Amino acid sequence: MLTHILGFPGIGKQRELKQALESFWSGRLSAQALSETCAALKKRHWEIQRNAGLDYVTTGDFSLYDRMLDTTLMLGAIPPRFAPCLAGSPLELYFSLARGDAGRDINALEMTKWFDTNYHYLVPEIDAKGLWTGSTPPVVEDTRQARELGFSPKPALIGPFTWLALAKSQGGALKWARLDEIAAAYARLMVKLSAHCDCIQIEEPVLCTELLPREAVKRFEGIYAVLNSACGDAKLMLTTYFGPLARNADLASASGCAVLHVDLARGGGQLESVLSSLPGDVALSLGLVDGRNIWKTEYAQAVPLIRKAVSALGQERVLLASSCSLLHCPVDLDGESSLPEHIKKRLAFAVQKCAELRDLRGIVEDGDAKALAENAAALKEAATHPDMRIASVRRRVSSVTPAMLARRSDYPARRIAQAWLRLPPLPTTTIGSFPQTDSIRKTRLAYKSGEMSEAEYTAAIRNEIKDCIEKQEELGLDVLVHGEAERNDMVEYFGQQLGGFCFTRNGWVQSYGSRCVKPPVIYGDVYRKATMTVDWIRYAQSLTSKPVKGMLTGPVTILCWSFVRDDLERSEVCKQIALAIRDETLDLEKAGVRVIQIDEAALREGMPLTAAEAEIYLRWAVEAFRLASSGVEDGTQIHTHMCYSEFNAILPWIARMDADVLSIESSRSGMELLDAFAEFRYPRGVGPGVYDIHSPRIPATEEMERLLRRALLHIPREQLWVNPDCGLKTRRWEEAWPALRNMVAAAERVRGLA
Ligand code: GLN
Ligand code: ZN
């Protein structure tokens with residue numbers, strides 16, 4: 001059986017790519033040096049795969065910023081607003097698309113979450129007048145090089161149907177009408193690639209969703225016939241992941257591809273039906289090693305699936321693989337010296353997952369009983385640790401009553417009870433974090449390393465809070481925040497104080513471009529040990545007569561942005577977290593903090609890809625939020641915040657969260673969201689973000705005023721709030737200050753006071 005992975009994380013074990021990119025952007029690194037760093041990373045990753053005994057090494061999984069963007073450039077789908085950037089170098093154009101061009105005042109491509117992961121891709125835009133001059137993508141040269149270096153490369157491409165399904169049409173363009181043109185570009189690419197490899201991985205995760213319209217489904221077979229015939233002697237591996245093929249199984253069988261890859265980590269139940277519908281000579285790649293988590297594969301469960309496939313197809317028609325790209329898990333467990341032994345025993349990162357594939361093959365092909373026994377022993381021992389099941393936590397979860405899921409009164413009564421806040425029409429606020437200056441970062445580091453005492457640290461953070469409150473008063477904002485100086489990350493901060501969590505040293509996962517996150521690990525039952533935010537926020541409130549908004553991360557977001565234990569239902573883990581956040585909400589209220597924001601930035605991305613599963617998820621996710629937020633009195637105002645997602649379809653669920661105020665990203669998409677709000681008639685306070693905080697660009701007062709006036713066409717005046725898209729921690733004060741000044745001015749103008 002051949003073994004392979006669908007992709008290796010590109011960022012580097014020490015986040016080398018991040019460092020190189022950021023140095024390059026700041027002008028400290030040459031393009032040549034950047035490309036050398038990339039070449040070294042790619043080679044190292046190929047070596048890891050080969051050393052693990054994999055038969056293929058994957059190329060085309062590595063990207064300077066984003067693989068969807070690479071595909072967009074390959075196809076030449078460059079939106080007209082980037083025309084001025086075409087004169088510069090290809091690299092300049094590339095990063096303008098990714099990050100915008102502040103000098104020329106051009107917005108970047110929109111960014112959104114890759115299916116239900118926390119990876120963000122750049123959304124292609126298909127414009128009726130688009131400039132379509134494609135270019136040869138780096139995967140061709142990478143594949144040639146890998147072969148030259150003696151590896152056996154398998155290039156990985158995002159398929160045409162997935163690319164188009166995720167693209168958005170601008171200005172009335174009919175995106176599926178471009179399918180032939182796009183397929184022709186892919187076919188040209190196949191010809192080039194097939195000179196350097198014997199197998200091409202073409203990824204169509206869209207087949208595991210319900211996103212393909214009928215017109216696309218009808219064209220699938222024909223388009224794939226074109227692609228297959230362009231491949232020469234190389235085989236096409238139609239690669240699906242993030243779920244079972246379900247209703248698209250026939251489509252996959254009819255594709256004419258020589259290999260089909262299926263995700264058995266997420267779509268385990270589909271093996272039987274896939275085997276029975278697989279055309280005569282097609283090989284099957286079994287995605288057994290979960291690319292999206294950090295837990296060891298349970299060999300005792302995987303082996304019977306392999307045996308079943310082998311007995312149906314014969315060894316030569318079975319491949320063993322990761323379920324999806326390993327992009328979504330950290331690079332290497334080696335060096336994680338601070339993890340408790342009983343947890344480390346259960347873990348496998350990308351490097352270890354490559355080795356698992358070799359083990360699995362050994363067990364099935366050579367009867368390697370030792371690997372099987374070792375795996376079973378390690379998992380068993382880890383599972384019986386006392387942290388895994390805490391009686392008091394389980395009791396509390398099982399005694400949650402319906403009354404705990406609802407506010408005391410409905411919104412109209414709460415609105416009256418909250419009038420004591422004396423907010424002006426169109427109140428201004430921010431989403432929570434303020435610029436994380438060098439001094440803030442140094443303070444946190446000094447404390448963490450033991451250089452700074454607890455008392456010194458508290459004094460230093462209090463100083464930052466004071467400064468932040470003063471600045472907001474000077475800006476004239478209405479609802480203030482403490483600025484989150486004590487937080488390195490909105491999930492990690494809470495995880496570090498909760499029972500059941502642990503942290504890796506180096507478990508970084510790419511979120512977008514050069515940005516990485518280090519998700520906490522939820523390994524055991526979750527409970528709150530002590531208050532987590534109250535002291536800071538009480539202090540902030542003591543400095544001002546304006547309301548200070550307490551800032552918490554919601555249970556769904558903590559869940560979605562962590563690596564979650566796989567021995568307990570996610571909904572149960574979520575309830576445990578919700579109870580901990582509920583306690584914190586009530587303690588904030590007791591401390592006199594009467595506006596509380598519970599961020600659920602990740603609500604949308606945790607949503608499964610099919611409607612039926614999504615509904616189940618949304619039900620428990622909304623319930624978890626309500627459990628966390630509903631204990632407070634009517635006069636306490638609950639906010640929530642969400643960002644960077646397609647929300648339109650789930651607005652009714654968002655409304656069921658019953659927050660008094662919702663702030664939500666919308667400026668990057670030109671406030672398209674508002675139409676949805678108008679249609680749905682969102683019943684409570686809503687703050688559509690009026691400027692994009694991911695860009696250094698400072699929006700003019702007039703620009704935000706225009707957005708607010710547009711918002712007022714859809715949202716009643718008494719419901720509209722004014723705020724940026726998201727937190728300001730990635731911005732510098734020189735950017736945040738004028739932007740917020742303009743935002744407050746815009747609000748004042750629209751209020752008619754200036
Ligand atoms: N309160 C958080 C902040 O302002 C919210 C971040 C987010 O939504 N991603 O940083
Ligand atoms: Zn946000």
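It should be emphasised that the depicted structure is a prediction, and the values quoted were computed from it without experimental measurement. One-based numbering, in listed order, for ligands and for the atoms of each. Keep in mind that the numbers below use all heavy atoms, side chains included, and drop hydrogens, waters and symmetry copies.
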Practice task
Please answer whether the main-chain N or O of S23 pairs with a side-chain N or O of S26 as donor and acceptor at a distance below 3.5 Å.
Solution key: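 Side chain of S26 to backbone of S23, a donor-acceptor pair under 3.5 Å: yes, one is there.
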For ligand 1, list all ligand N or O to protein N or O distances below 3.5 Å, rounded to 0.1 Å.
| residue | atom | partner | partner atom | Å |
| --- | --- | --- | --- | --- |
| ligand 1 | 1 (N) | I431 | O | 3.0 |
| ligand 1 | 1 (N) | E484 | OE2 | 2.9 |
| ligand 1 | 1 (N) | D599 | OD2 | 2.7 |
| ligand 1 | 4 (O) | I431 | O | 3.3 |
| ligand 1 | 4 (O) | S433 | N | 2.9 |
| ligand 1 | 4 (O) | S433 | OG | 3.1 |
| ligand 1 | 8 (O) | H641 | NE2 | 3.1 |
| ligand 1 | 10 (O) | S433 | OG | 2.7 |

Centre of [Y]'s six-membered ring, under 6.0 Å away, within 45 degrees of the axis: is that where NZ or CZ of [X] sits?
X	Y	answer
R292	F242	yes
K575	W620	no
R619	Y617	no

Exercise for the section: Please work out whether the ring planes of F501 and F503 are parallel, tilted or perpendicular, with thresholds of 30° and 60°. Expected result: parallel
Handout entry: Any residue meeting side-chain contact (heavy atoms from CB on, under 4.5 Å) with E474, in chain and number order, not counting sequence neighbours
Key = W737
Handout entry: Vertex the Zn ion (ligand 2), arms to C726 SG and C643 SG, rounded to 10°
Key = 120°
